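Here the structure is a predicted model, which is why all the values come from computation and not from measurement. Numbered from 1 within each chain, the chains take letters A, B, ... in sequence-line order. The analysis underlying the following values was restricted to heavy atoms, covering all of them including side chains, and did not include hydrogens, waters or symmetry mates.
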Amino acid sequence: MAQSEESSFRTTIRSHALGELGKKHEGAQVTLCGWVDRRRDHGSLIFVDLRDRYGIAQIVLDLACHPGLEKQGASTIRIEEILKVQGKVRLRDAESVRKENPTGEVEVEVSDLVFLARVPQDVKNLPVPTGTSADVDAKKGKETDEEVRMQFRYLDLRRPSLQQRIMLRHRICSAFRSWFDSRGFVDVETPFLTKSTPEGSRDYLVPSRIHPGHFYALPQSPQLFKQLLMVGGFDRYYQIVRCFRDEDLRKDRQPEFTQLDLEMTFVTEEDVLREVEGAVEAACHAAASVLEPSEPARAKGLRAVKAPFRRITFQEALLKYGSDKPDLRFALEIVDVTAECAKAEGFLKEAATATRTLPGGKAALGGAARALRVPESAEKFSRKDLDSLASVVSDKGIKGVAWLKVVGEKGAKGKDRAQTSLGKLATDELVEALLAAVGGVKGDLVLLIANQKERTAAEAMGLVRLHVAEKLGLREKEPARMEFVWAVEFPLFCEDPNREGGYAPESHPFTDPRPEDMDKLESDPLLVRSRHYDLVLNGTELGSGSVRIHTPELQKRIFGILGLSEEVQKRRFGFLLSAFRYGAPPHGGIALGVDRFCAMLSKTPSIRDVIAFPKTNRATDPMTDAPSIAEAEQLGELHIQACSPPPPKP
RNA sequence: GGGGCGGUAGCUCAAUUGGUUAGAGUACCGGACUGUCGAUCCGGUGGUUGCGGGUUCGAGUCCCGUCCGCCUCGCCA
């Protein structure tokens, strides 16, 4: 009997949630609460779609059968008002069943109506469309201006699509928590009022009232604290934690964002990777469960995520995909054709055989040529398309992309074999050599880049690869596909752009060098590989981590190579170095971008869509009007004053 | 800090070469209607064209400045 089954959503005020209603409730007397999503008014017969977080159900107000409803205001119901109704669940006629709605087999015949909240008369219009209509509009390209949506975020949050993304995020985080809990990790909170951490972006500062002229920094990450937790003996730590960075924003960057942060003791790379793979798999499967009813195809893609993930070395990723975060949803592998081009004439040869001087005075072969075979695509790229590739690589300082269309079978010569932008440089020998290298056959397009710096050539071709894939629709060909990959064996150092001949950490200065490269630390720092790893999904970096240095001797040695004076070391990281002197265990960890992860699993391009209260591109919140001007009195108490007066607000 | 696009009714958009009283859909208000599902039909309210200045007989439209939003480079793991 329907009534005997109590809903887990029952409260003092309601008997059921709207979304749970179905055939099994036929005949049940129910009390429901929700927002008016839509209203279809036939005069003495009114249909209302009532909405809550669990779904939408149709309630029927039949004024002829229930004359009392008229007095209760049935014909004055407006969109987004909050109703409480009592009534009886009944099955719909066969022809009025709505299969697309989980509650579409039933409706509720209302006998009693109460307004829990009315939209007052002076509010003529809601400032933004909300509920289902907002989602329908958005799907048709009629999305409301994001600034207004943020100003009235509490209304925007009523949209089913936004609620679902926020709930998906909750599921993902729950899955993370239960995974790490079951694996013996301890959730430890770390300070927000702290000291600048070594990530190297700008800090948000908090003035101290008690200490004039002194400031806390909000953490860019809990990096140092989690390492100190390892020193403190908490050998498995994790936290889903807010981080703060005062840099310019993008659709995938907010001033405050969330990381899944973890650190482990007595581990190598393998141990960390295995835990994270398990957590990510669990989170994807949890997301799949949420999406199963509404989006079975994507759920299937998430269900297919399986640990262990692929691994690729930095070197291989750069060679084959021109990026340290390769998108592996499609093939299109880049080929090194430096040797072939070195035999050619003109700029190809010059680029491929150029030498450069490394810091320390060593000469190295720096130049390189890269080729990309785009199968069966000679016809798909017009002259204009090919010319426009130049703008793809211009940021890398490369003027253009050479191309070659294979028009003839092997044995054909000159123009009968290939059309090409190389002109006279394209001797039959070079063409055959290139085609042999890339495996090009009739109908293929082959793209070619040469540059005096190998990394530039490689990365430029990486951009071309993505551009070509985009144009051919390869990136989103299977929207459900999830290609996770670990990039490993990153270089420990890169050339410091700010200090001629100096070195900067490729990630951060606590990364452990690979033992087999230790002998090159001072002699050939750029060739030293690190124990750093990145987790990459579909060409987006989701997180990075490393096995850390755990002896003060090595840590000081690295600081030395980075050119940090004893004084700077002591001031910035003194407490870490001190801690290490009391015995730090070998340890390593990782941090994952939770907002980005949730955005990707939600198939939304912006992390603002998975954050309940996000900020604009200029780090403001139109709803609270933060940041705002502080009173002189308050500033005085904090021993600070603004050096430029704030502009008057419009 | 640089570049691009945009800002017109509550919301989404239109407005010819600078030319009549700035239109439409939706929402809202009023009316009709018992099986709808973005209900339908009829009528109506609603505008400092982001802001400031300029050119012009005349500016939503052209010019200068400025503010805001989004995308992006720099920056940022």
Nearest-nucleotide pick for A:Arg40, side chain only, options being B:U36, B:C70, B:A77: B:U36

Scan A:Gln151 against the nucleic acid and name what it touches under 4.0 Å (heavy atoms): base, sugar-phosphate only, or nothing. nothing

How long is the line joining CD1 of A:Ile77 and C1' of B:U36, in whole Å? 14 Å

Ranking B:C37, B:U72, B:G74 by distance to the side chain of A:Asp248, first place goes to B:G74

Okay, side chain of A:Asp595, backbone of A:Thr258: is any donor-acceptor separation there less than 3.5 Å? yes

Hey, does A:Thr132 reach any base, or is it just sugar-phosphate, or nothing, if we go heavy atoms under 4.0 Å? nothing

When you measure from the side-chain N and O atoms of A:Lys140 to the phosphate of B:G25, is any distance below 4.0 Å, counting only OP1 and OP2? no

Is A:Arg618 near enough to B:C71 that one of its side-chain N or O atoms lies under 4.0 angstrom from OP1 or OP2? no

Between A:Glu541 (side chain only) and A:Lys325 (backbone N and O only), is there a donor and an acceptor less than 3.5 Å apart? no

Complementary nucleotide of B:C11, counting Watson-Crick and G-U pairs under 3.5 Å: B:G25

Whole Å only: how far is the CZ atom of A:Arg39 from the P atom of B:U36? 18 Å

Nearest-Å distance, CG (A:Asp252) to C1' (B:C70)? 14 Å

Say we look at B:G46 and B:G10: how far apart would their P atoms be, to the nearest angstrom? 11 Å

Which atom pairs link the protein and nucleotides 8-13 of chain B when you take only N or O atoms and keep those under 3.5 Å?
residue, atom, partner, partner atom, Å
B:G10, O2', A:Leu126, O, 3.2
B:G10, O2', A:Pro127, O, 2.9
B:C11, O2', A:Thr144, OG1, 3.4
B:U12, OP1, A:Asp145, N, 2.7

B:G44 and B:G58, which share atom name P, separated by this distance in whole Å: 34 Å

Suppose we define a pair by two distances each less than 3.5 Å, Watson-Crick or G-U wobble; what does B:G60 pair with here? none

Euclidean distance for P, B:U40 against B:G35 (whole angstrom): 15 Å

Both distances below 3.5 Å, Watson-Crick or wobble geometry, any strand: find the nucleotide opposite B:G69. B:C5

Could you tell me whether the side chain of A:Glu275 and the main chain of A:Val272 form a donor-acceptor pair under 3.5 Å? no

Remember a base hit wins even if backbone is also touched, and classify A:Arg608 as base, sugar-phosphate or nothing at under 4.0 Å, heavy atoms. sugar-phosphate

Tell me, with the steps shown, if A:Gln58 and A:Arg40 meet side-chain hydrogen bond (donor to acceptor under 3.5 Å, both in side chains). CA-CA 10 Å; A:Gln58 171 165 286; A:Arg40 293 173 291 280; 2.9 Å; yes

Between B:G74 and B:U12, how many Å separate the two P atoms, rounded to a whole number? 31 Å

Atom pair distance, as rounded to whole Å: CG in A:Leu249 and C1' in B:G74: 14 Å

Once you round it to whole Å, what is the distance between P of B:C75 and CD of A:Gln254? 21 Å

With side-chain hydrogen bond (donor to acceptor under 3.5 Å, both in side chains) as the test, would you mind laying out the steps for A:Thr190 and A:Gln239 before giving the verdict? CA-CA 9 Å; A:Thr190 50; A:Gln239 191 183 182; 3.2 Å; yes

Which distance, rounded to the nearest 0.5 Å, do you find between the OG1 of A:Thr144 and the CG of A:Asp156? 7.5 Å

When the P atoms of B:A14 and B:C68 are considered, how many whole Å apart are they? 24 Å

Which residue lies toward the 5' end of RNA chain B, A:Phe257 or A:Thr620, if each is placed at its nearest nucleotide? A:Thr620

Nearest-Å distance, CG (A:Leu155) to P (B:A27)? 17 Å

Under 4.0 Å between a side-chain N/O of A:Asn617 and OP1 or OP2 of B:C70, yes or no? yes

Between B:C11 and B:A27, how far apart are the P atoms? Round to whole Å, please. 15 Å

Locate the shortest heavy-atom distance separating A:Gly200 from A:Gln220; write the atom from each residue and the value. N-OE1, 3.5 Å

Quick note, A:Ser544 side chain, CB onward, closest among B:C28, B:A77, B:G38 is B:A77

Determine the minimum heavy-atom distance between A:Phe115 and A:Gly73, stating which atoms define it. CZ-O, 3.6 Å

Measure the distance from CG on A:Asp609 to P on B:C70 and round it to the nearest whole Å. 12 Å

Should B:C41 form a Watson-Crick or G-U wobble pair with both distances under 3.5 Å, which nucleotide is its partner? B:G31

Mark yes or no for a side-chain to base donor-acceptor pair under 3.5 Å between A:Arg253 and B:C76, with no hydrogen or angle criteria applied. yes

Quantified in whole Å, what is the C1' atom distance between nucleotide B:G60 and nucleotide B:G43? 29 Å

Using the rule side-chain hydrogen bond (donor to acceptor under 3.5 Å, both in side chains), only one of A:Thr604, A:Asp609, A:Asp135, A:Thr132 pairs with A:Ser161; which is it? A:Asp135

NA contact type, A:Arg250, heavy-atom cut-off 4.0 Å: base, sugar-phosphate, or nothing? base

At less than 3.5 Å, do the side-chain atoms of A:Arg245 and the base atoms of B:C76 form a donor-acceptor pair? no

Can you give me the N/O atom pairs linking the protein to nucleotides 33-35 of chain B at distances under 3.5 Å, or say none if there are none?
residue, atom, partner, partner atom, Å
B:C33, N3, A:Gly43, N, 3.2
B:C33, N4, A:Gly43, N, 3.2
B:U34, OP2, A:Ser44, OG, 3.3
B:G35, O6, A:Arg90, NH2, 2.9
B:G35, N1, A:Glu107, OE2, 2.9
B:G35, N2, A:Glu107, OE1, 2.5
B:G35, N2, A:Glu107, OE2, 3.0

Heavy-atom closest contact (A:Ser201 atom, A:Arg245 atom, distance): OG-CG, 3.3 Å

Taking a pair to mean Watson-Crick or G-U wobble geometry with both distances below 3.5 Å, B:U20 pairs with none

Does the pair A:Phe215 and A:Tyr204 meet the rule for a ring pair (Phe, Tyr, Trp, His ring centres under 6.0 Å), with working shown? CA-CA 10 Å; A:Phe215 296 82; A:Tyr204 278 99; over 10 Å; no

I'd like the P distance from B:C29 over to B:U66, given in whole Å. 44 Å

Can you tell me how far P of B:C68 sits from CG of A:Asp621, to the nearest Å? 15 Å

Roughly how far, to the nearest 0.5 Å, is the CZ atom of A:Arg596 from the CG atom of A:Asp252? 4.0 Å

Considering only B:G74, B:A77, B:G69, which nucleotide approaches the side chain of A:Thr616 most closely? B:G69

Between A:Thr130 (side chain) and A:Leu155 (backbone), is there a donor-acceptor pair under 3.5 Å? yes

